Amino acid sequence: MSTVAQPAPVAGSQGVHPVDEVLPAPKLAIYGLQHVLAFYAGAVIVPILLASAIGLDTETLIHLINADLLTCGIASIIQSVGFWKVGVKLPLLQGVTFTAVSPMIAIGLSQGGGRESLPYIYGSVIVAGLTTFFIAPYFAKMIRFFPPVVTGSVITIIGVALLPVAANDAIMAAPDPNRNFVQIGVPADQIAVRSILYAVGTLFFIVFLQRFFRGFLGTIAVLLGLVGGTLVAWALGDAHFDSVGSASWVGVTTPFYFGIPKFAFAAVVSMIVVMLITAVETTGDVFATGEIVDKEIGSEDIARALRADGLATTLGGVLNSFPYTCFAENVGLVRLTRVKSRWVVASAGAIMIILGLLPKAGAIVAGIPHHVLGGAALAMFATVAVVGIQTLTRVDFKDDRNIVIVATSLALALLVTVQPNIAKVVPSWAEIIFGSGITLGSLCAILLNLVFHHTGGRQHTSEEAIADATERSRESAIGD
């Protein structure tokens, strides 16, 4: 999709990078709200799926959603604002990682399900968060294993693998909270032409705004698309806000609301594996954002981002929420709007904290029809894939090894994305890998890069030697 937006801002007279620019309060609020609306559906789907799978009642589910939003807000502020060696200080919004859903369900069911199983989930989340925090600098030292052929592949995979999620929301007459994240080949009786019209209408309204409006209106095109689509749906009787009246005004989650955390060895190990895999995804998101905002990413940046993930995940276990990572959905929004200020994400974090404390406010956002959200998500996820393609333009495809790395990782990612039931037939220990195209494709890109470029065997030609020397120089510069 081709978009036209305002030119990327340049450093001001004081030499402030656009990432560090503090925008006027009204713009911070509106841009921040745009991030929240783009992120909201992905944020609440995890507690909905968990509650359905382990048999939690409606009251517990509402509490989990409030706790999730509150912790998302705190985590986003930590990542974007930063302190000490925590937080990458980029416009990266934090959300619950989908990778953790299946393991959390498995942990809950192994402990009998219901509210009584939640302390075991939170115990494993806390340990996994602390582990991530302390191993962050060691993981970051492996940055030389993430050249453009790996990061470009991972970023492209993230965007492509998320597109079917948006497509499901765009075409299905009604979302099924019990379904997998991706349903390929949706039966005709589940597809509503009205839903498609809402989604496509929202998408083209966003394109229209970006084509014909510059400046402020162009940068909030996604927000205006969501508002416009929702208003049309409400006028036609397809957007409902009945839950607003029944929702409480204030709802505060307290630490260890469901009891003191409990620890089971298998649960802890599975959640640590989740966070290690999530670290790969976070690395890809940080590189993608660095590309978008014109900031060079080094090993210390990766370490700061992973520490923030670890701290946020630990807080999630304490505040009755879940493991956290950088949300790829919002990376695409940064690219679409060209608003690079990290303080916009900080303001989004503040809004999420408010939503987490005010169930009525959250109920209003929850009233946005899923097909409208799907239309906006199509634009954002595709944009993430485009960022990956841009990164891959720096790769030397005259070297057939790079072709194999990109093609194989993308193929495997799409395999499990379009055939999600593969995860149900592999051994239980492999479900976490085969349950996500992002996870499988990312791991494949990393391992193949190691095999082809970091193990001996093939002699380099003179052209390859020059290319490798150039790449080492680049990696050295990044490391410095």
Side-chain angles (χ1 to χ4, degrees), residues 1-4 34-45 48-49 98 158-213 218 220-243 327-330 332-333 335-337 364-386 413-414 417-421 437:
M1 181 183 70
S2 174
T3 61
V4 176
Q34 183 171 237
H35 271 282
V36 172
L37 293 178
F39 144 96
Y40 189 85
V44 301
I45 191 65
I48 289 173
L49 288 170
F98 291 163
I158 289 171
V160 172
L162 288 173
L163 277 171
V165 181
N168 280 182
D169 284 335
I171 68 170
M172 294 184 73
D176 179 3
N178 295 314
R179 67 175 171 85
N180 204 319
F181 290 114
V182 178
Q183 184 176 348
I184 304 297
V186 175
D189 60 356
Q190 294 182 27
I191 299 175
V193 174
R194 203 176 181 109
S195 298
I196 298 173
L197 292 175
Y198 280 128
V200 174
T202 300
L203 173 61
F204 278 101
F205 185 44
I206 292 171
V207 173
F208 171 83
L209 291 169
Q210 291 181 317
R211 172 61 182 86
F212 293 103
F213 292 90
I220 61 169
V222 175
L223 173 59
L224 294 177
L226 288 169
V227 172
T230 301
L231 288 176
V232 171
W234 177 74
L236 297 177
D238 293 322
H240 306 284
F241 298 93
D242 300 336
S243 59
F327 231 48
E329 288 87 334
N330 292 78
L333 184 59
R335 177 65 181 85
L336 272 175
T337 63
I364 294 174
V365 179
I368 298 175
H370 64 95
H371 4 272
V372 173
L373 282 169
L378 284 172
M380 292 185 295
F381 297 168
T383 302
V384 174
V386 170
L414 285 175
T417 297
V418 302
Q419 298 293 342
N421 288 329

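As the structure is a prediction and not an experimental result, all values here were calculated from the model.
With sequence neighbours excluded, the residues that form a ring pair (Phe, Tyr, Trp, His ring centres under 6.0 Å) with Phe208 are Phe212.
Counting heavy atoms from C-beta on, the side chains of Tyr198 and Leu236 come closer than 4.5 Å.
For the residue pair Val372 and Leu226, the shortest heavy atom distance occurs at CG1-O, 3.8 Å. In terms of heavy atoms, Leu378 sits closest to Ala167 at CD2-N, 4.1 Å.
Interatomic distance, NE2 of His371 versus CG of Leu197, reported as 10.5 Å (0.5 Å rounding). With rounding to the nearest 0.5 angstrom, the CD1 atom of Ile206 is 9.0 Å from the CG atom of Leu224.
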